[in-house]
Amino acid sequence: MTDAMADADALTTTHYRTCPLCEATCGLEITMLRDEVKRIRGDRDDVFSKGFICPKGSTLKQLHVDPDRLRRPMVRRDGELVESTWPEAFAAIAEGLGRIWEGGDRNEVAIYLGNPTAHTVAGALFARPLIQALGTRNVYSASTVDQMPRHVSSGLMWANPGAMAIPDLDRTQYLLMLGADPYESNGSLCTAPDFPGRLEAIIERGGSVVVVDPRRSRTAEAASEHIAIRPGTDAAWLAAIAHVMIHELGAAVAELDVATTGGDALAHAVAAFTPEAVAATCRIDAATTRRIAAEMLAAPSAVAYGRIGTHTTRWGTVASWLTDAVTALCGGLDRPGGAMFPMAAHGKPFTGRVGGRGFRTGRWQSRVEARPEVRGELPTAALAGEIETDGPGRVRALITVAGNPARSTQNSARLDAALDRLEFMVSVDIYLNETTRHADVVLPAPSPLAKPHFDFAFYGLSVRNVVNYSPAITDPADEGGMDECEILARLALIAGGLGADAEPAQLYELMRNEIVRSAVGLEGGPLHGTDPDELLAEVATLAPAEQLIALSVRCGPYGLAWPDLVDHPHGIDLGPLQPRIAEVVRTVDGSVDLAPAPLVDQLGELAASLAVAGTADELGVDDQLLLIGRRHLRSNNSWMHNIDVLVKGRRRCTLLMHPADAERAGLADGAFASVRSRVGEVQVPVEVTDGISIGTVSLPHGWGHDAPGARMRVAAANAGVNSNLLTDEAIVDPISGNGQLNAIPVTVTATRR
Ligand SMILES: Nc1nc2c(c(=O)[nH]1)N[C@H]1C(S)=C(S)[C@@H](COP(=O)(O)OP(=O)(O)OC[C@H]3O[C@@H](n4cnc5c(=O)[nH]c(N)nc54)[C@H](O)[C@@H]3O)O[C@H]1N2
Ligand SMILES: Nc1nc2c(c(=O)[nH]1)N[C@H]1C(S)=C(S)[C@@H](COP(=O)(O)OP(=O)(O)OC[C@H]3O[C@@H](n4cnc5c(=O)[nH]c(N)nc54)[C@H](O)[C@@H]3O)O[C@H]1N2
Ligand code: SF4
Ligand SMILES: [Mo]
């Protein structure tokens with residue numbers, strides 16, 4: 001060994017951390033030479049992921065050194081965004097928002113929280129205090145282009161919108177999976193590193209994986225069976241599955257550990273949904289529907305699981321409810337091999353008291369379209385209108401945190417244009433992109449390697465109970481940055497009227513005290529009556545974010561102490577999921593409602609529309625194509641296209657089209673097509689494939705990186721087109737406010753180019 005090698009050895013360090021990019025929470029092993037990332041690979045000792053990693057995980061290295069990633073705050077001066085100091089940036093924010101607040105209406109400042117807020121400690125801890133300090137009803141997030149239907153159906157069934165039933169992948173013998181493609185996405189609302197491996201294991205142990213998708217996705221290819229469904233019709237088909245189970249096979253909901261209501265109402269609600277009645281609409285023959293229902297009931301355990309393709313439609317909440325209802329009819333709700341409720345280490349300990357305060361939506365409405373509030377939020381589909389429409393309460397300022405709504409939301413061209421009408425805009429982001437280019441102040445969040453990580457969101461959605469804490473590897477201050485917790489805390493202080501110079505220490509203290517106070521005050525809880533100072537003393541020497549993480553798990557159901565986390569860099573396995581519906585149910589009387597009235601009403605509406613759709617189909621006048629989305633393993637929504645190793649290679653932003661549809665439109669493989677919907681048009685190359693159903697076309701989202709003023713050079717060179725130029729903000733699931741991103745009526749014609 002040379003001296004140089006020995007020196008390098010001494011300076012080389014190995015770090016273990018959880019990947020923050022998607023919901024799978026894979027463990028990474030990161031080798032550093034001083035502050036330079038040498039290698040990232042899967043952590044074979046991670047208790048949950050056991051070495052699994054996807055191509056995105058190792059690109060935290062490229063993200064860390066990406067020259068386009070923002071390091072310094074930017075403030076708009078004379079129309080141009082220029083670098084500034086942190087104090088200047090916060091002063092500009094206090095001044096800019098102060099001008100709006102002078103008018104006296106707090107609702108004139110809106111906030112949009114993007115997907116990565118669910119993946120950062122800062123988002124988990126500080127988004128709420130920020131929203132509270134803003135005191136606005138104009139709260140928007142990626143949730144309403146994503147999972148809001150799942151929250152609402154859980155809210156309506158057991159009054160706990162945060163407690164979603166998770167498919168018990170490792171023990172089930174029958175998984176009916178709709179509108180999900182975990183071979184590309186690695187799973188959602190079902191945290192399971194190596195999701196593909198877990199699916200293969202179901203088949204290896206003699207079980208079945210049935211994938212329902214208008215497209216033969218990679219997941220569908222690997223499944224036991226693929227059923228091609230017509231886009232937007234999952235709710236109707238699930239109702240037919242429930243119909244067969246109840247009315248033809250005599251199934252009833254198995255006993256839960258709490259009382260249930262609504263069994264008869266469920267039977268009544270699905271009565272009209274015979275397999276024959278939905279066959280034309282769903283394009284699934286009645287025999288297949290009957291067979292799947294029978295197979296599920298006969299299986300030793302079974303679960304229905306739906307995701308993006310199922311939830312982001314007009315009937316998303318109905319479909320989400322019916323997946324749980326079908327699982328319940330199979331005896332799988334809250335049972336191993338069915339759908340269960342994880343118990344996160346930072347969750348609330350059980351006190352023995354069943355029931356709670358119920359669930360309500362619509363406590364306020366959006367100003368222009370009168371859309372009901374859901375979980376403190378309004379639908380993102382309503383945001384453009386709130387900015388455009390004059391009158392008292394108009395949204396005049398916007399804060400975005402980790403979001404790119406100018407690409408991610410329906411009819412995003414309208415929102416993109418509306419952003420220019422704002423009087424003031426602040427973005428907390430890592431890039432100057434299609435959204436943040438509109439901002440007056442951009443605050444750079446640090447590289448993922450420069451922040452601690454703890455999955456507050458995903459340990460509550462996980463197929464095993466696990467916990468893992470990762471310390472920051474580099475210091476954000478090294479490149480002039482600031483921890484994202486501090487950034488959001490300072491914004492909260494400004495919103496609270498304390499000014500640009502207020503120190504966050506007081507907010508941190510308030511938050512520590514709140515966690516401790518609620519734990520020691522929780523009657524029947526494990527820390528009831530404990531001296532708060534004793535708990536606070538345990539964490540006194542830690543950094544602010546770590547103090548809050550430490551107290552959350554200390555006060556949680558396992559009573560884990562900080563050293564437990566620090567001593568387990570590969571995570572702690574807290575075991576398989578256990579039946580615990582009694583702990584999660586928050587209805588006033590402690591029962592679970594299998595047929596919530598608002599959803600039964602919706603299903604009635606669906607039954608009525610079914611008749612109409614069926615007729616059109618039979619007459620052959622239904623020649624409109626339906627547009628759906630898709631994901632690719634090497635993409636991550638709209639924001640990882642600036643990483644060369646992820647975008648190079650074959651063009652991926654293409655329109656998938658069945659040969660019969662392509663021929664009818666006179667389109668050959670590789671030709672450019674013009675795709676038109678009610679709201680917009682894009683031109684995109686066609687990929688002809690029999691892997692998609694006749695009548696359906698598919699375009700991935702998150703592309704369209706050719707906007708002037710953005711600074712993502714690799715992405716600009718691989719711009720692609722923005723599929724949300726086509727999605728229609730007028731189509732919203734009325735119960736959850738969730739946008740319809742799939743099943744968009746479009747026409748496709750050949751274009752000269
Ligand atoms: N047509 C169609 N549209 C869709 C979907 C679809 O399937 N089809 N999917 C929808 C779904 S499920 C989602 S979740 C949304 C996502 O919608 P958004 O959350 O609005 O968009 P993302 O593309 O995830 O953008 C994330 C933003 O966060 C920034 N960022 C990344 N890491 C960090 C960080 O650590 N801190 C901060 N402050 N910023 C960071 C990125 O630069 C980017 O600006 O898109 C939705 N849009
Ligand atoms: N590589 C990668 N991973 C990701 C992301 C990413 O952008 N890239 N995004 C992350 C995020 S934010 C989320 S929310 C998750 C989402 O994770 P998934 O829910 O698995 O999302 P998709 O991969 O888009 O799969 C949706 C599937 O639904 C199908 N589909 C479309 N319309 C319908 C329909 O009407 N009915 C049925 N039954 N199927 C339909 C599509 O063909 C597609 O195969 O992925 C996460 N992981
Ligand atoms: S699957 Fe998700 S969590 Fe795992 S390495 Fe890939 S991006 Fe990271
Ligand atoms: Mo998402």
Side-chain angles (χ1 to χ4, degrees), residues 20-24 54-56 63 69-70 112-120 122-123 141-143 145-147 177-190 195 211-220 227-234 237 306-313 315 319 380 400-410 412 427-436 443-448 451 484 487-488 626-640 642 656 692 696 698-702 712 722-724 726-727 739 741-744:
L21 296 174
C22 88
E23 300 181 35
C54 88
K56 291 185 296 305
L63 188 60
R69 187 171 56 75
L70 302 175
Y112 174 87
L113 302 165
N115 167 276
T117 47
H119 295 265
T120 61
S141 87
S143 295
V145 279
D146 188 346
Q147 83 288 359
M177 177 154 53
L178 307 100
D181 186 9
Y183 273 68
E184 307 288 357
S185 70
N186 279 296
S188 181
L189 303 188
C190 177
F195 206 124
V211 170
V212 182
D213 196 309
R215 188 173 61 90
R216 197 172 65 236
S217 62
R218 279 213 291 144
T219 305
I227 298 174
I229 191 170
R230 189 178 191 219
T233 67
D234 295 32
W237 191 66
R307 232 1 229 126
I308 285 296
T310 303
H311 295 152
T312 59
T313 68
W315 307 100
T380 56
T400 68
V401 180
N404 192 7
R407 285 299 172 273
S408 301
T409 63
Q410 298 148 276
S412 56
S427 291
V428 183
D429 209 282
I430 60 173
Y431 283 119
L432 209 54
N433 64 12
E434 300 80 18
T435 295
T436 61
L443 302 175
S447 154
K451 40 188 170 191
E484 194 164 3
I487 297 174
L488 297 191
L626 294 177
L627 175 74
I628 62 168
R630 68 178 186 273
R631 282 173 164 75
H632 192 281
L633 188 57
R634 289 176 174 270
S635 250
N636 200 15
N637 295 325
S638 76
W639 70 274
M640 289 192 79
N642 211 50
L656 302 186
I692 192 149
T696 305
S698 164
L699 189 60
H701 75 286
M712 296 179 73
N722 172 15
S723 69
N724 282 315
L726 300 169
T727 52
L741 305 172
N742 285 291
I744 307 296

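Both ligands and their constituent atoms are indexed starting at 1 by order of listing.
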Number the atoms of ligand 2 from 1 as they appear, then name those within less than 4.0 Å of a heavy atom of [X], with their elements.
X: V212; answer: 37 (C), 38 (N), 39 (N)
X: I229; answer: 36 (N), 37 (C), 38 (N)
X: G232; answer: 34 (C), 35 (O)
X: P214; answer: 30 (N), 33 (C), 37 (C), 39 (N), 40 (C)
X: H632; answer: 1 (N), 2 (C), 8 (N)
X: D234; answer: 34 (C), 35 (O), 36 (N), 37 (C), 38 (N)

So, [X] side chain and [Y] main chain: donor-acceptor pair closer than 3.5 Å or not?
X: T409; Y: P405; value: yes
X: T117; Y: G114; value: yes
X: D429; Y: T436; value: no
X: S141; Y: Y112; value: no
X: T310; Y: L178; value: yes
X: T312; Y: G309; value: no
X: T219; Y: Y183; value: yes
X: N637; Y: W639; value: no

Lys/Arg N to Asp/Glu carboxylate O, [X] vs [Y], below 4.0 Å:
X: R215; Y: D181; result: yes
X: D213; Y: R218; result: no
X: E184; Y: R631; result: no

If we only count N/O pairs under 3.5 Å, is [X] in contact with ligand 2?
X: L633; result: yes
X: R634; result: no
X: R230; result: no
X: T313; result: no
X: K56; result: yes

Pairs under 3.5 angstrom, nitrogen or oxygen on both sides, ligand 1 versus protein: list them out, please.
residue, atom, partner, partner atom, Å
ligand 1, 1 (N), N724, OD1, 2.9
ligand 1, 3 (N), N724, ND2, 3.1
ligand 1, 7 (O), R631, NH1, 3.2
ligand 1, 9 (N), R631, NH2, 3.1
ligand 1, 9 (N), H701, NE2, 3.4
ligand 1, 17 (O), S408, OG, 3.1
ligand 1, 19 (O), N115, N, 2.6
ligand 1, 20 (O), Y112, OH, 2.7
ligand 1, 20 (O), N404, N, 2.9
ligand 1, 20 (O), S408, OG, 3.4
ligand 1, 21 (O), S408, OG, 2.9
ligand 1, 23 (O), S638, N, 2.7
ligand 1, 23 (O), S638, OG, 2.5
ligand 1, 28 (O), A402, O, 3.3
ligand 1, 35 (O), K451, NZ, 2.8
ligand 1, 36 (N), E484, OE1, 3.1
ligand 1, 36 (N), E484, OE2, 3.2
ligand 1, 38 (N), V428, O, 3.1
ligand 1, 38 (N), E484, OE2, 2.7
ligand 1, 42 (O), D429, OD1, 2.5
ligand 1, 44 (O), D429, OD1, 3.2
ligand 1, 44 (O), D429, OD2, 2.7
ligand 1, 44 (O), N433, ND2, 2.7
ligand 1, 47 (N), S408, O, 2.7

